[in-house]
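Nothing here was measured: the structure is a model prediction, and the numbers come from that model. What you see below is based on every heavy atom in this structure, not just the backbone, and it leaves out hydrogens, waters and symmetry mates.
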Amino acid sequence: MQTSYKEQAFSSKLGFYRNTQGLSAPFQRQMEATILSQYQRLPGLHSEFLGLDVVTGADEDFGFEDVLNNPRDSVRPPQPLHDVMERKLGLVHSQTASRPTGF
């Protein structure tokens, strides 16, 4: 229900842009939303998608997930960035192989 509301609010905003600014404005907003939704940080780092929130208007809403879903408050320790990138690129084939320590 939450996602359908967000999609409906974004489509109504696109309709408003079409009526007030012409046909190119909604296409530009959709392109911006598509580009910003594909942007990712390196694996192991949290992506907040702030640009996407601004384009879709989600930055104007304040919900419980803004307070209770903070990844920095997680109990799990963050994974080492080098290990995650090596697994993503296929440089390490087994979970038991680790990098030397002491550097």
Next item on the list: Give, for atom CG of Asp53 and atom CD of Glu48, the distance between the pair rounded to the nearest 0.5 Å.
Entry: 9.0 Å

Next item on the list: May I ask whether Phe62 and Val54 are part of the same hydrophobic cluster, defined by side-chain heavy atoms of I, L, V, M, F, W, Y residues being less than 4.5 angstrom apart, directly or through others?
Entry: no

Check: Quick one: CZ on Phe27 to CZ on Arg18, what's the gap to the nearest 0.5 Å?
Finding: 7.5 Å

Item checked: Nearest-0.5 Å distance, NZ of residue Lys6 to CZ of residue Phe10 -> 13.0 Å

Notebook entry, point to check: CG of Leu91 to CG of Asp83: how many Å apart, nearest 0.5 Å?
Noted result: 11.5 Å

Note to self: How long is the straight-line distance from CD of Gln21 back to CZ of Arg29, given to the nearest 0.5 Å?
What the structure shows: 6.0 Å

Notebook entry, point to check: What distance separates Glu86 CD from Leu81 CG, expressed to the nearest 0.5 Å?
Noted result: 10.0 Å

